[in-house]
**Student:** 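Dropping a structure here in structure tokens format, bear with me for questions.
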Protein chains: 2
Amino acid sequence: MNDKERRSMPLFSIGTVMKLTELSARQIRYYEENKLVFPDRTAGNQRLFSFNDVDRLLEIKDLLDKGLNLAGIKLLLEESKGVKEKKVTTKETELTEKELRKILRNELKQPGKLGQSNLRQGELSRFFTNR
Amino acid sequence: MNDKERRSMPLFSIGTVMKLTELSARQIRYYEENKLVFPDRTAGNQRLFSFNDVDRLLEIKDLLDKGLNLAGIKLLLEESKGVKEKKVTTKETELTEKELRKILRNELKQPGKLGQSNLRQGELSRFFTNR
DNA sequence: ATTTATATGTAAGGAAACCTAACATCGTCT
DNA sequence: AGACGATGTTAGGTTTCCTTACATATAAAT
């Protein structure tokens, strides 16, 4: 079992994730609905989250606090996820990318804000795993 | 949040622990009943296990495979838990300790056996935490 | 060879946690 | 005012978990 596997193991119920991230169940499910996280499911269809999922949720929370909207966050997360898939940068994607720039310019002009959560982005996996 | 806290954080449902340890719910609850593990509880009385709890269960499983009984395992785990509390080694404790020796002598004479679980004792926390 | 004790399985009834879907609300942008 | 995005809340249903009790298999003691 390597580290990658460990961090993507489905371990946590939504209740535990709520405490870990201080997000509501509604929020977590809404982010999933918008393709920002992809928790596993039990045989009975209940969500099971991994360390990676929790980290991702903390990141989402952080970016929301900074004024981004979910569409922008999704693009950011996809982008950072690797420069792969560089092939078909369709018009559609181009538009949304332009949108992102606009959003970043428009919304990120009020820097700082506050946005302090119980756990910070990346902290969970740093704490619990070996890299 | 230090490492000790991390490892004792109540995180896992019994369902997750079952998969992690390959023990049945019955077994896990029975070990708790016999004071071998002490999982937390949610507000609604459902068990929540920490990394330490899971490690402990793996250790129990290992020792059971080696032929020890729960009483012996309990003594072993308490003993290794620190040489503190050395004060009142009551007659009662002495007897049970003598008992343990006997059990160890009697039952541990068939060494090896097999006892290979999915995860080995201590492995979980080694994998998931930084020490 | 019974009896006794230990460890585990299984079933029943109930409670907690979770699920989806729908509607409500609140703030921001147009 | 209206539309949209993000979240709250509620309802009805399902899954998971709880305790308790009884059954069983193996090993130990009588």
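Every chain is numbered from 1, with letters handed out A, B, ... down the list of sequences.
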**Student:** Can you measure A:L68 atom CG to C:dT28 atom C1' for me and round it to whole angstrom units?
**Tutor:** 15 Å
**Student:** Does A:K61 pair with A:D65 as a salt bridge, N-O distance under 4.0 Å?
**Tutor:** no
**Student:** Hey, is the side chain of A:R47 poking within less than 4.0 Å of OP1 or OP2 on C:dT20, counting only N and O atoms?
**Tutor:** yes
**Student:** Does some side-chain heavy atom of A:T21 sit less than 4.5 Å from a side-chain heavy atom of A:F49?
**Tutor:** no
**Student:** So which protein N/O to nucleotides 12-14 of chain D N/O distances come out below 3.5 Å?
**Tutor:**
none

**Student:** Looking at A:R6 and A:D3, does any basic side-chain N land under 4.0 Å from a carboxylate oxygen?
**Tutor:** yes
**Student:** Could you tell me how far apart B:K74 (NZ) and C:dA7 (C1') are, to the nearest whole angstrom?
**Tutor:** 16 Å
**Student:** Do B:I60 and B:L77 touch side chain to side chain, with heavy atoms closer than 4.5 Å?
**Tutor:** yes
**Student:** Whether A:S13 contacts D:dT16 is assessed here as follows: a side-chain N or O lying under 4.0 Å from the phosphate OP1 or OP2. Is that the case?
**Tutor:** no
**Student:** Testing B:V17, B:L11, B:I28 one by one against B:V54 for a side-chain contact (heavy atoms from CB on, under 4.5 Å), which residue passes?
**Tutor:** B:V17
**Student:** Given side chains that start at C-beta, do those of B:L23 and B:Y31 come closer than 4.5 Å, heavy atoms only?
**Tutor:** yes
**Student:** Write down the distance between CD (A:Q27) and P (D:dG5), rounded to a whole number of angstrom.
**Tutor:** 17 Å
**Student:** The criterion is side-chain hydrogen bond (donor to acceptor under 3.5 Å, both in side chains); which residues satisfy it with B:S8, sequence neighbours excluded?
**Tutor:** none
**Student:** Rounded off to whole Å, could you give me the CD1-to-C1' distance for the A:I14 and C:dA16 pair?
**Tutor:** 15 Å
**Student:** Can you confirm whether A:M18 sits close enough to A:E22 that some side-chain heavy atom of one is under 4.5 Å from a side-chain heavy atom of the other?
**Tutor:** no
**Student:** Just so I know, are the side chains of A:L48 and A:F12 near enough to count as touching, which here means a heavy-atom distance under 4.5 Å?
**Tutor:** no
**Student:** Check whether any side-chain heavy atom of A:L20 sits under 4.5 Å from a side-chain heavy atom of A:T16, and report yes or no.
**Tutor:** yes
**Student:** Each nucleotide N or O in nucleotides 25-27 of chain C that has a protein N or O under 3.5 Å away: list the pair and distance.
**Tutor:**
none

**Student:** Over how many whole Å does the gap from A:I60 atom CD1 to D:dG5 atom C1' extend?
**Tutor:** 15 Å
**Student:** Going by heavy atoms closer than 4.0 Å, what residues in residues 29-42 of chain B are next to DNA chain D?
**Tutor:** B:R29, B:R41
**Student:** Identify every side-chain donor-acceptor pair in residues 33-44 of chain B under 3.5 Å, counting partners at least two apart or on other chains, and give the distances.
**Tutor:**
| unit_1 | atom_1 | unit_2 | atom_2 | d |
| --- | --- | --- | --- | --- |
| B:N34 | ND2 | B:Y30 | O | 2.9 |
| B:R41 | NH1 | B:N45 | O | 2.9 |
| B:R41 | NH1 | B:N45 | OD1 | 3.4 |
| B:R41 | NH2 | B:E32 | OE2 | 3.4 |
| B:T42 | OG1 | B:G44 | N | 3.1 |
| B:T42 | OG1 | B:N45 | N | 3.3 |
| B:T42 | OG1 | B:Q46 | N | 3.0 |

**Student:** Roughly, in whole Å, what's the span from CZ in A:F12 to P in C:dA17?
**Tutor:** 18 Å
**Student:** Between D:dC17 atom C1' and B:N45 atom CG, what is the distance in whole Å?
**Tutor:** 10 Å
**Student:** In whole Å, I'd like the distance from the CZ atom of A:F49 to the P atom of C:dC18.
**Tutor:** 10 Å
